[in-house]
Number of protein chains: 2
Amino acid sequence: MNGSSPSTRERILAAAEALFAQRGFDGASLRQLTSAAGVNLAAVNYHFGSKDKLVEEVFRRRLDALNAHRLEALARIAGQPSTTVEDVLDAFIRPALELSHDDHGALFMRVLARAFAEHDDTLRQFLSDNYGHVIRQFTAEFARLLPHLGKAELYWRIDLVTGALTHAMSGFGLIRRQSGVSEQAHREQTITHLIRFSAAGLSHP
Amino acid sequence: MNGSSPSTRERILAAAEALFAQRGFDGASLRQLTSAAGVNLAAVNYHFGSKDKLVEEVFRRRLDALNAHRLEALARIAGQPSTTVEDVLDAFIRPALELSHDDHGALFMRVLARAFAEHDDTLRQFLSDNYGHVIRQFTAEFARLLPHLGKAELYWRIDLVTGALTHAMSGFGLIRRQSGVSEQAHREQTITHLIRFSAAGLSHP
DNA sequence: GCTGGAGTCAAACGATCGTTTGAGGATACG
DNA sequence: CGTATCCTCAAACGATCGTTTGACTCCAGC
């Protein structure tokens, strides 16, 4: 049933990631999408069942890898006495930024930011299912490192950190890569600024 | 040409604000919109020319008031020796949160967040025209209060503050108003958390 | 009283949307 | 060779989109 066509299915997913990031889920039509991918219009419904299912698949493919990397990085430092708030933030941020190594990965972060903006309930539910346990584990580690903060206070600050992350990762903001700076160096700079900023916001008395 | 119908035009704008926030610019159709507003379908094109012009009008109406309040608040404190980073943040944040006094104002903040997510160039250009000088004046005041930061460093931090603001103001996050807390108290709490968090992120060495 | 512009209305326009259909090509297995 | 399965293709489906049209109501001004 699968493993047969390495081409069509993947071409659709790649084109979908790019077009969803560029024009949004509603704005990108299946005709634009299949035309860009060089496949037949009916191929989407054949391989994925519907446009909504395709959207879910675009998310699942990336989120599974992203969350696995995050939890892996967290497991290496969680509970250790030498671990700092900056370390935990690095474990959360770096996998997301390094996903952008892949050209399509950078587009995916914009897709993710769009999904946050859309208040569609089914999509939020889907994201909550895939994200929930990750956020919970990171929150627990933050709580250990910041015992002076009440539960409500900690939630507030983590929520604001999430906002800064989403903003920076999706390329919303004014900051753009300078022409003289390599993609690699710019990413490292972004991580550094994000961690310093978030650590200060999280830790302050 | 104007001042004639106090009803139809305003009803369309109110319904548009709500539906754009809920379903997005593409997702909200003129038929849903005019039906919710209790006006005829053709009324939108008659009063605004097109759907795009209606979107622009929704933005212009709110942004003019928002930016005016922000600059007014900034003017009261800018350049004074006793002014703190927290004061400047308050001048920027409070007008946005108090726009939510109006029921429709709260919806507008979500519309604004959506506009950030849409990378539509014409809409970003429009926002830049209306927002640009405000951001510039606030940046200048931050630069005065944080002389130890380089220009690039300051831009980075302000960008991240913007992310946290957009996130919190649009109700993206996990934080929701508790049932026991009044709307007024919740808004004040949001402002307090935002200012403390952002001030720490902006000021840290 | 009549005229003319402003506003509202139902109806229709062409375009585009997501999805379905049925025929046909390709390949592997008996 | 026959046939079953996976896949692709052009074409069409009904629905909905933003927009336009032309008739109708209302009301102020000469």
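Just so it is clear, the values below take in all heavy atoms, side chains as well, and ignore hydrogens, waters and symmetry mates. Proteins get letters first, then strands, A, B, ... in listed order; numbering begins at 1 in each.
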Find every protein N or O atom lying less than 3.5 Å from an N or O atom of nucleotides 16-21 of chain D, and list the pairs.
{"residue": "D/dC17", "atom": "OP1", "partner": "B/S29", "partner atom": "OG", "Å": "3.2"}
{"residue": "D/dG18", "atom": "OP1", "partner": "B/K51", "partner atom": "NZ", "Å": "2.5"}
{"residue": "D/dG18", "atom": "OP2", "partner": "B/L30", "partner atom": "N", "Å": "2.9"}
{"residue": "D/dG18", "atom": "N7", "partner": "B/R31", "partner atom": "NH1", "Å": "2.8"}
{"residue": "D/dG18", "atom": "O6", "partner": "B/R31", "partner atom": "NH2", "Å": "2.7"}
{"residue": "D/dT19", "atom": "OP2", "partner": "B/N45", "partner atom": "OD1", "Å": "3.4"}
{"residue": "D/dT19", "atom": "OP2", "partner": "B/K51", "partner atom": "N", "Å": "2.9"}

* Asked: Under the side-chain hydrogen bond (donor to acceptor under 3.5 Å, both in side chains) rule, what pairs show up with a residue in residues 65-77 of chain B, not counting sequence neighbours?
  -> B/R70-B/Y131
* Return no unless some side-chain N or O of B/H47 is found under 4.0 Å from OP1 or OP2 of C/dT8. => yes
Would you list the atom pairs, donor with acceptor, under 3.5 Å between side chains in residues 33-40 of chain B and any protein atom, with sequence neighbours excluded?
{"residue": "B/T34", "atom": "OG1", "partner": "B/L30", "partner atom": "O", "Å": "2.7"}
{"residue": "B/T34", "atom": "OG1", "partner": "B/R31", "partner atom": "O", "Å": "3.4"}
{"residue": "B/N40", "atom": "OD1", "partner": "B/A42", "partner atom": "N", "Å": "2.9"}

* For A/R94, which residues count as a salt bridge (Lys or Arg N to Asp or Glu O under 4.0 Å) partner, sequence neighbours excluded? -> A/D90, A/E98, A/E188
* By salt bridge (Lys or Arg N to Asp or Glu O under 4.0 Å) - contacts of A/E56 (at least two apart) -> A/R60
* To do: Taking side-chain contact (heavy atoms from CB on, under 4.5 Å) as the test, write out the residues that go with B/A200, two or more places apart.
  => A/H204
